[in-house]
Amino acid sequence: MFDKILIANRGEIACRVIATCRRLGIATVAVYSDADRDARHVRLADEAVHIGAAPAADSYLRGEVLLEAARRTGAQAIHPGYGFLSENADFADACAAAGLVFIGPPPAAIRAMGDKSAAKALMQAAGVPLTPGYHGDQQAPEFLRGQADAIGYPVLIKASAGGGGKGMRRVDRSEDFIAALTSCQREAQSAFGNAHVLVEKYVERPRHIEIQVFGDSHGNVVHLFERDCSVQRRHQKVLEEAPAPGMSAERRAAMGRAAVEAARAVGYVGAGTVEFIAGPQGDFYFMEMNTRLQVEHPVTECITGTDLVAWQLRVASGEPLPLRQEDLGIRGHAIEARLYAEDADRGFLPSIGTLRRLRLPADDGHVRVDAGVEEGDAITPYYDPMIAKLIVWDVDRDAALRRMRAALSACEIAGVTTNVDFLGRLVATASFSRAHLDTALIEREQAALQPAGEPDAQTWMLAALAARLRQPASSSDAVDPHSPWAQDDGWRLGERAWSWFALTQRDAQRRVGLRFDGGRWEIALDAERRHAVVQEEADGLRVSLDGRQLLLRAWCDGTRVHLFGRDGGQPFQLHDAIAEADQPPVEAGGLTAPMPGRVIALSTKPGSRVTRGQPLVVLEAMKMEHSLNAPADGVLKAYRVREGELVGEGAVLVDFEVE
């Protein structure tokens with residue numbers, strides 16, 4: 001076993017590897033960019049080495065700098081995590097040349113599976129079922145469209161060197177093929193430095209099922225059963241679970257055998273995942289092999305009682321696999337949800353900022369949290385905006401589903417917009433609850449996934465105002481809570497006074513009146529007056545209104561109040577008219593960048609008349625393309641940016657005149 005390893009990654013996977021090494025008595029070296037100087041993985045490691053500027057190309061993707069860091073610190077091996085250089089065969093070769101162990105598969109296996117077209121040919125020779133499609137080298141647009149026409153729509157265009165849902169487009173009509181191909185190739189070139197694509201038949205109502213495989217240098221290969229990763233958005237996984245619901249013993253055995261044969265075909269050593277598209281009739285087809293540990297590996301660990309990172313370290317040090325195939329079994333059910341800093345109500349745009357509050361469920365025998373950040377850390381525009389992975393386990397799927405709902409409702413995150421409420425709605429949908437799974441589940445359940453209406457709007461607003469009014473108004477009030485000036489009950493001689501507040505919730509500003517009378521609150525909203533009781537409890541504020549009680553947790557941050565409840569959370573903004581009077585007006589007539597990024601395409605000629613929703617600018621941010629569209633019918637007067645230009649959040653991109 002190793003004495004010291006360098007972890008050539010960041011975030012939650014770096015933290016996870018550090019924790020496993022600590023249990024095994026292995027010293028760890030973290031690496032960090034300018035943006036990660038105070039990151040959690042840096043604080044946890046025994047040593048840390050600075051490797052460059054914030055962009056990944058200037059730090060985490062610089063193989064020679066990582067090798068030098070390993071040499072300087074005396075590390076014997078490098079764990080690449082996932083992403084970055086984890087599937088880079090040249091880097092694996094460079095590690096070997098430097099006398100370092102690359103904790104991953106042999107470079108030949110990475111190369112064999114890294115090119116999707118070559119991998120398909122290899123799998124066909126090994127007898128692994130393949131999806132019908134074109135996997136050759138011809139890349140002329142009209143030729144590829146002809147192949148798609150012959151295959152029959154819908155088809156899927158996929159980056160040959162890709163992964164993680166990038167460089168992938170579904171096409172339903174021949175006339176849409178060329179535009180989708182251009183976008184796919186551009187994204188593939190940006191993400192992987194290789195624009196080569198393949199075209200495959202799109203399997204209707206497919207499930208995405210992957211098999212965890214593990215090999216050692218003694219010729220042993222096992223599979224650790226399957227994960228269902230069908231719940232996806234833009235081909236990126238959102239929820240994962242193990243085992244796959246409805247999987248028969250026969251199908252599990254067949255897919256396991258195919259995955260093991262795929263691994264044997266390339267002389268695989270270490271952790272890998274063989275991904276399949278499965279049809280509704282029990283058919284399945286090889287899609288790709290990820291030659292690394294997967295983000296969703298914790299659900300496999302939960303049902304098999306294994307530590308796959310520890311297995312990686314043992315196998316890389318030359319030990320045989322800890323268990324044989326007959327020793328492995330499935331126990332219970334596990335589900336993983338990925339918590340992201342993104343705005344689900346605005347097309348899942350990434351959100352950046354400081355995690356002003358971060359409260360996640362405590363780890364126990366049923367709940368596990370893998371996080372790469374802590375309260376006070378920043379979500380930056382340079383890397384994937386994942387906050388944490390929330391994993392639950394129980395004796396069966398129904399029990400695990402209840403655990404997940406409770407765990408999501410316990411999350412309290414403020415400072416960035418997150419997908420927590422979206423995930424809560426997702427796991428509650430009829431399709432997911434009943435395990436009616438396929439890769440179109442999110443699109444199919446759009447109605448259920450929209451933010452719920454506001455039947456309890458007054459209850460939430462009253463709780464937000466009550467929480468804010470209970471905060472000391474000044475340091476003197478904090479010193480003397482019994483001062484009459486610290487009271488917020490509106491007392492005066494005669495009739496009690498109304499206090500009026502401007503409160504914003506979900507971009508809508510409301511005028512709310514409050515009056516305290518005899519232990520009860522009277523609230524006025526939209527000319528309607530209702531009585532309520534607000535009680536402070538250990539778990540938050542209990543608001544009783546019209547015979548219904550609601551328990552909400554509150555956290556105040558200046559004039560912002562964040563409420564968290566069983567059915568999700570809401571931020572509120574309390575407006576101070578005097579303070580806001582001095583703020584300059586927002587510039588009108590322009591389309592602004594919702595986040596920092598690089599302008600990669602200007603889609604329309606200046607002076608053109610455009611319609612609402614028509615693409616105007618394509619912005620690349622956090623490794624994804626985002627199309628910014630016309631907000632209304634009008635005229636694109638001028639662009640203020642050039643292709644290739646880096647822009648900050650809020651930068652005006654175009655001058656736009658609304659008709």
Side-chain angles (χ1 to χ4, degrees), residues 2 5-10 13-14 17 29-33 49 51-53 55-73 75-122 135 137 139 158-164 166-167 185 187-198 215 217 262-263 265-273 288-294 312-313 315-317 382-384 623:
F2 309 109
I5 70 167
L6 181 139
I7 304 161
N9 216 297
R10 62 177 305 280
I13 182 58
V17 175
V29 180
V31 295
Y32 64 92
S33 70
V49 179
I51 54 170
D58 299 328
S59 50
Y60 294 100
L61 292 174
R62 298 176 65 192
E64 73 285 356
V65 175
L66 295 169
L67 294 175
E68 175 60 18
R71 186 195 64 77
R72 286 171 51 197
T73 57
Q76 301 157 299
I78 292 183
H79 194 299
Y82 36 71
F84 296 140
L85 296 175
S86 61
E87 294 180 281
N88 188 302
D90 292 340
F91 180 65
D93 277 332
C95 288
L100 296 165
V101 175
F102 177 79
I103 302 177
I110 298 176
R111 289 191 174 92
M113 289 302 187
D115 185 315
K116 287 185 174 59
S117 296
K120 300 277 184 180
L122 192 61
H135 310 128
D137 294 329
Q139 295 291 291
K158 300 167 61 175
S160 182
K166 301 175 186 66
Q185 289 177 324
E187 189 172 280
Q189 181 65 42
S190 174
F192 314 113
N194 185 344
H196 191 284
V197 300
L198 51 85
S217 56
V266 292
Y268 203 82
V269 175
T273 303
E288 63 182 351
M289 183 176 186
N290 288 295
T291 52
R292 54 175 169 78
L293 201 63
Q294 291 281 87
Q312 284 187 301
L313 297 171
V315 166
S317 64
Y382 301 106
Y383 315 115
D384 186 89
K623 303 189 290 184

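In this text, all values refer to a predicted model and were calculated from it rather than measured experimentally. Heavy atoms only: backbone and side chains are in, while hydrogens, waters and symmetry mates are out. FYI, the numbering just counts along the sequence from 1.
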> Could you walk me through whether M289 and Y268 pass side chain to side chain contact (heavy atoms under 4.5 Å, CB included), step by step?
CA-CA 11 Å; M289 183 176 186; Y268 203 82; 3.5 Å; yes
> When rounded to the nearest 0.5 angstrom, what is the spacing between CZ in R72 and CG in L67?
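The CG atom of L67 is 13.0 Å from CZ of R72, to the nearest 0.5 Å.
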> I need the minimum non-hydrogen distance between G52 and R62, along with the two atoms involved.
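Looking at all heavy atoms of both residues, the shortest contact is CA-NH1, 4.3 Å.
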> Which pair of heavy atoms, one from L122 and one from A112, lies closest together, and at what distance?
CD2-CB, 4.0 Å
> Do Y382 and S59 have a side chain donor and acceptor closer than 3.5 Å?
no
> For residues V29 and I7, determine if any side-chain heavy atom of one lies less than 4.5 Å from a side-chain heavy atom of the other.
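Side chain of V29 against side chain of I7, heavy atoms only: no contact under 4.5 Å found.
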> Using the rule side-chain contact (heavy atoms from CB on, under 4.5 Å), only one of L66, I51, L85, N9 pairs with Y60; which is it?
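Single pass found, and it is I51.
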> To the nearest 0.5 Å, what is the distance between CZ (R10) and OH (Y32)?
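The distance works out to 14.0 Å.
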> Can you measure from CG (D115) to NE2 (H196) and round to the nearest 0.5 angstrom?
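That separation rounds to 6.5 Å.
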> Using distance only, find each side-chain donor-acceptor pair of residues 100-111 under 3.5 Å and give its atom names and separation, not counting sequence neighbours.
from: R111; atom 1: NH1; to: D93; atom 2: OD2; distance (Å): 3.1
from: R111; atom 1: NH2; to: D90; atom 2: OD1; distance (Å): 2.9
from: R111; atom 1: NH2; to: D93; atom 2: OD2; distance (Å): 2.7

> How far apart are the closest heavy atoms of Y383 and S33, and which atoms are they?
OH-OG, 2.5 Å
> Looking at V315 and G215, what are the two nearest heavy atoms and their distance?
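Closest approach of V315 to G215, heavy atoms only: CG1-O, 3.4 Å.
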> Answer yes or no: is there a side-chain heavy-atom contact under 4.5 Å between I5 and I78?
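A side-chain contact is absent here, since even the closest heavy-atom pair is not under 4.5 Å.
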> When rounded to the nearest 0.5 angstrom, what is the spacing between CD in E288 and OG in S160?
10.5 Å
> Is there a side-chain contact between Q139 and Q185, using heavy atoms and a 4.5 Å cut-off?
yes
> For a 4.5 angstrom cut-off between non-hydrogen side-chain atoms, does F84 reach F91?
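F84 does not reach F91 side chain to side chain.
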> Mark yes or no for whether S190, through its side chain, and E187, through its backbone, hold a donor-acceptor pair below 3.5 Å.
no
> Ignoring hydrogens and angles, state whether a donor on the side chain of N290 or T273 is under 3.5 Å from an acceptor on the partner side chain.
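There is no such pair (donor and acceptor under 3.5 Å, judged by atom type) between the side chains of N290 and T273.
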> How long is the gap from CD on E87 to CZ on F192, to the nearest 0.5 Å?
9.5 Å
> Between M113 and V266, is there a side-chain heavy-atom distance shorter than 4.5 Å?
yes
> Can you measure from CZ (R71) to CG (L6) and round to the nearest 0.5 angstrom?
12.5 Å
